[in-house]
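See structure below.
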Amino acid sequence: ADIGTNLVYHHFWDSSFGATLGDEFDIILSKDLGAGWTALAHGAYFLGSNGQPDTKRASIELSYKF
């Protein structure tokens, strides 16, 4: 029942590092299902600044390694 968890924070600037574009928080959950299978869930929330929109994303991945 072990579920791997990873929390990540990102801060984004423009190319000159003069303006903040926003902050993003990510959570990644992974689970080894055995027999070569792994499940991964990823969620992200971006809080935009300086005209950048707030954005939410989520994905689920199922992988098989042979």
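One-based numbering along the sequence shown. What you see is a predicted model, and the numbers here were worked out from it, not measured in a lab.
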Self-check item: ring pair (Phe, Tyr, Trp, His ring centres under 6.0 Å) partners for W37, two or more places apart
Solution: Y64
Self-check item: Interatomic distance, E61 atom CD to S30 atom OG [nearest 0.5 angstrom]
Solution: 10.5 Å
Practice problem: Before giving the answer on ring pair (Phe, Tyr, Trp, His ring centres under 6.0 Å), spell out for F25 and Y9 the whole-Å C-alpha distance, their side-chain angles and the decisive distance to 0.1 Å. | Solution: CA-CA 5 Å; F25 301 91; Y9 167 78; 5.2 Å; yes
Exercise. For I60, look at atom CD1 and say whether over 12 heavy atoms of other residues, nucleotides or ligands are found less than 6.0 Å away.
Key: no
Quiz item: Does a donor on one side chain and an acceptor on the other come within less than 3.5 Å for H10 and D23?
Solution: no
Quiz item: Taking D14 for the side chain and A19 for the main chain, is one N or O donor matched with an acceptor at less than 3.5 Å?
Solution: yes
Quiz item: Is the closest side-chain heavy-atom distance between V8 and I27 below 4.5 Å?
Solution: no
Quiz item: Linking I/L/V/M/F/W/Y whenever any side-chain heavy atoms sit under 4.5 Å apart, do I3 and L7 land together?
Solution: yes
Practice problem: Output the distance between atom NE2 (H42) and atom CG (N6), rounded to the nearest 0.5 Å. | Solution: 9.0 Å
Self-check item: Verify same cluster id: F12, F17 (apolar side-chain graph, 4.5 Å)
Solution: no
Would you tabulate the side-chain donor-acceptor contacts of residues 49-59 under 3.5 Å, counting partners in other chains and residues two or more places apart, or write 'none'?
{"unit_1": "N50", "atom_1": "ND2", "unit_2": "T20", "atom_2": "O", "d": "2.6"}
{"unit_1": "D54", "atom_1": "OD1", "unit_2": "G48", "atom_2": "N", "d": "2.8"}
{"unit_1": "T55", "atom_1": "OG1", "unit_2": "P53", "atom_2": "O", "d": "3.4"}

Practice problem: Mind checking the CG-OG spacing from L33 to S63? Nearest 0.5 Å is all I need. | Solution: 9.5 Å
Exercise. List the steps, then state whether side-chain contact (heavy atoms from CB on, under 4.5 Å) holds for I28 with L40.
Key: CA-CA 7 Å; I28 301 129; L40 181 109; 3.7 Å; yes
